[in-house]
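What follows is a single structure, written as structure tokens, with notes after it.
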Amino acid sequence: MKKETYKVRGMHCASCVAVIEKALSRTDGVHSANANFATETASVEFDENVVSESGLAKAVEGAGYNLEKKIETVDMSMNSPEHNHMEMEREDRVEEMKLKLVIGGLLSVLIFLGSFPEWLPFVPSILNNNWVLLILTTPVQFWVGAQFYSGLKLLIKYRTADMNTLIAIGTLAAYFYSAAVTLFPLYFTQGGLAPAIYFDTSAIIIVLILLGKYFEVLMKGRASDAIKKLIGLQPKTAKILRDGKEIEISISLVQVGDMIVVRPGERIPVDGKIIEGDSEIDESMITGESMPVHKKIGSAVIGSTINKFGTFTFQATKIGKDTVLSHIIKMVEEAQGSKAPIQRLADLVSSYFVPAVFAIAALTFIVWFFAGPAPAFTFALVNFVAVLIIACPCALGLATPMAIMVSSGTAASRGILVKDAASLEIADKISAVILDKTGTLTYGKPVVTDIFGDVLQIGASIENKSEHSLARAIVNKAKEEKVDLLRVENFQAVPGHGVRAELNNKKVLLGTRKLMADNKIDTAKWEEKIINLENQGKTVMILAFDNEATGLIAVADVLKKESTEMVQTLKKNNIKVWMLTGDNARTARAIAKQAGIDNVMSEVLPDKKSEKVRELQAQGEIVAMIGDGINDAPALTQANIGIAMGEGTDIAMESANITLMRGDLMLVPEVIRLSKRTMRIIKQNLFWAFFYNVAFIPVAAGVLYPSFGILLNPIFAGAAMAFSSLSVVGNSLRLKAKVL
């Protein structure tokens, strides 16, 4: 299966989404199809052996739309916001709409002034002439409102309808009726009908709806600010070393393996590894971490981050679409184009909504034509137009995708990468969180926590020849304390137990009780301290020098400083917290107690972690698994939501639904809060969109007229429709505020 995202031309509302998805889903070889109104895209998963991209385009064209290959936003040869093709298309569209609004607005004002001579006697009499009004209205109807006539094509050629169909039929009905009154006034007078005209209705409705669409496009641009900002981070050039000389080249010419020099204040061009020098790197735009990160020889650097102080040279390891930034941009785009399960309801309703509106509008016209007050035709026409205009389901189509679009962009700016919209919806329902211990709750790097006796120098000297992680912790401690290392001989590692060597021709042992017992070393005087340290979840190593136990070194993988706060925050929100580890039960309980975790799964092998997730799911829990994104991949996949403590790694971004770009556990409750806010905004949007249509269609149809004499003017219906869409977009933009 191949999965691609395409640009769809001609999408205008939620009913378009349903039509496009139906056309694609019915095509042989298509596994799934999701259209998105907010991004005007369609994501299609299909079998290339059964259907080609041209076949997909033909299927969509058959439904009245155009499917185009989406230009990759991440293009290192076009690496600035000015060269973002999607943004350029949006700006061209905005400029075209602005021109039409200015001309259409001026003409509409003149049409309005000329349409009510009894109210506005000061207006020049030439504007009161129906022929002049016809001439002024025609360009508004057929040029300014040209985009709405695609709906007529749908209706005539494909027997489907969308928002544009409603607007086109409504305004054309008003226009052609008014034109008929202008061309054949005597006929209408003889028929007993007042020769009323509705050029103002036609023109003003078109301008108002276009104005709403204009603001909608502008606000959509604000919603996609996250993408634009990420693209803007990409530097344009890189300083590389060629033949011993430093030359500046376009970033598009950088190759894997190139040596690149970065000076203070410059952005790092691509991903790589430092081979000379060190510095403090500001990675806040990628990870959300405000403090600079120290980088030295061997450290990985991320493209587009900022070098704060030192000059260094690094080797390019990833370029173009393979960089971390490119992956982030791709994930944000995919999340913004994906569909939350709740959106299915809106799409389903919309697929039936437009045909139902036509039926209601037709019934309204028939009822008032035969039972309405004189002039009955005019009365029926006005209500017919009002129903069509008020019912446009724009707000319904925008309700969910706009919220998802803003939410995923906001999350990305905080170092939270959301893979799809469904994850944002499910996170709201999480009832249990499973936390992997190493690298998630803890730093994943053992450190020396306790030293008893004067043993650091000898211990570090012997461990300096070992590559074990515990040995590295002891050597690093000696470096921190500026302890000089001694020369040892005859070093030998004892797998699983420790190390042995000779110092000044005397035997040195460092390791477990078993190592001491095998060498007949008495450790009784240290036993109480050893048990106490082990009860704290620490690994204890005994140092024996010249056949005597002289001291202890305790090493532990310590908790992250925010682990306890995160656990308490989750528990306050009635979320059950579990710790998952391969450690023995005593060590696991000790670490869990420090973190405030009551539920522990210990001695769990990596391949059994997913089974533990299934066990909780079988109990009815909605489970979030939080791990490092590599060892925990099966469990992350099994969980309802997999959250990877990615630290910017590719594997983490691929293995989980949500990736935290920095190792800050407090982002976990923030993900849940963001999900809750997003779902609250979506439900508000859907409520107002449904309420708006359900409440005002009957008013537009005239049900209040017999009792209260209330009718809905089509012009006000057009204004209300535009306001409805803007309110949904505006409400969604509230998600850009800081999540608290």
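This is a predicted model, so every value here is computed, not measured. One is the number of the first residue; the rest follow in order along the sequence.
Taking every heavy atom of both residues into account, V406 and S732 meet most closely at CG1-O, 3.5 Å. Among all heavy-atom pairs drawn from I206 and G145, the shortest one is CG2-CA, 3.7 Å. Taking both residues in full, the closest heavy atoms of F384 and A361 are given as CD1-O, 3.3 Å, listed atom of the first, atom of the second, then distance. Here the closest non-hydrogen pair linking A380 and F369 is CB-N, 3.6 Å. The two residues L110 and L133 make their nearest non-hydrogen contact at O-CD2, 4.5 Å. V51 and D28 get closest at one heavy-atom pair: CB-O, 3.3 Å.
Environment of NZ in K58: sparse, with no more than 12 heavy atoms of neighbouring residues, nucleotides or ligands closer than 6.0 Å. Within 6.0 Å of the CZ atom in F379, the count of heavy atoms belonging to other residues, nucleotides or ligands exceeds 12.
The closest donor-acceptor contact from the side chain of S431 to the backbone of I622 lies under 3.5 Å. Using modelled atom types, no side-chain atom of T27 and backbone atom of V30 make a donor-acceptor pair closer than 3.5 Å. In terms of modelled atom types and a separation under 3.5 Å, the side chain of K100 and the main chain of W143 share a donor-acceptor contact. Under the 3.5 Å distance criterion, the side-chain polar atoms of N128 are matched with a main-chain donor or acceptor of G114. When atom types are taken as modelled, the side chain of E68 and the backbone of K7 share no donor-acceptor pair closer than 3.5 angstrom. Remark: side-chain polar atoms of S675 are paired, donor with acceptor, to backbone N or O of L424 under 3.5 angstrom.
Side-chain contact between S32 and V44 is absent, with no heavy atoms from C-beta onward closer than 4.5 Å. At least one side-chain heavy atom of F46 sits less than 4.5 Å from a side-chain heavy atom of E53. Contact of the Y175 side chain with the L134 side chain is registered, since non-hydrogen atoms from C-beta on lie closer than 4.5 Å. Using a 4.5 Å heavy-atom threshold, the side chains of P139 and L107 count as touching. Considering only heavy atoms from C-beta on, F142 comes within 4.5 Å of Y149 through its side chain. Put simply, the side chain of W131 reaches to within 4.5 Å of the side chain of T182, judged on heavy atoms. L67 has its side chain out of reach of E61: every pair of non-hydrogen atoms, C-beta onward, lies at least 4.5 Å apart. Side-chain contact between V8 and T41 is absent, with no heavy-atom pair separated by less than 4.5 Å.
For the side chain to side chain contact (heavy atoms under 4.5 Å, CB included) criterion with I658, the lone passing option out of L417, V671, L674 is V671. None of V387, V385, V382 except one satisfies the side chain to side chain contact (heavy atoms under 4.5 Å, CB included) rule with T364; the exception is V387.
Side-chain contact of Y6 with S43: a donor-acceptor pair under 3.5 Å is absent, judged by distance alone. In the model, T171 has a side-chain atom that pairs as donor or acceptor with a side-chain atom of Q141 under 3.5 Å. Between the side chains of R734 and Q684, at least one donor-acceptor pair of N or O atoms lies under 3.5 Å.
Note that the CG atom of N383 and the CD1 atom of I360 stand 13.0 Å from one another [nearest 0.5 Å]. L127 contributes atom CG, which lies 7.0 Å from atom CG of L113 (distance to the nearest 0.5 angstrom). The structure places CG of D428 at 4.5 Å from NZ of K676, a figure rounded to the nearest 0.5 Å. Separation of atoms OG (S178) and CG (L381) is listed at 7.5 Å; rounding is to 0.5 Å. Separation of atoms CG (N34) and NZ (K3) is listed at 7.5 Å; rounding is to 0.5 Å. The structure places CD of E425 at 12.0 Å from OG of S407, a figure rounded to the nearest 0.5 Å.
Between E45 and K2 there is no salt bridge, since no side-chain N of the basic residue sits under 4.0 Å from a carboxylate O of the acidic one. At a threshold of 4.0 Å, the pair E95-K98 counts as salt-bridged, since one of the basic side-chain nitrogens sits closer than that to a carboxylate oxygen.
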task: Could you give me the CA-CA distance, side-chain angles and deciding distance for N640 and I430, then say whether side-chain contact (heavy atoms from CB on, under 4.5 Å) is met?
output: CA-CA 8 Å; N640 299 92; I430 290 172; over 6 Å; no
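The distance between the ring centers of F377 and F365 falls below 6.0 angstrom.
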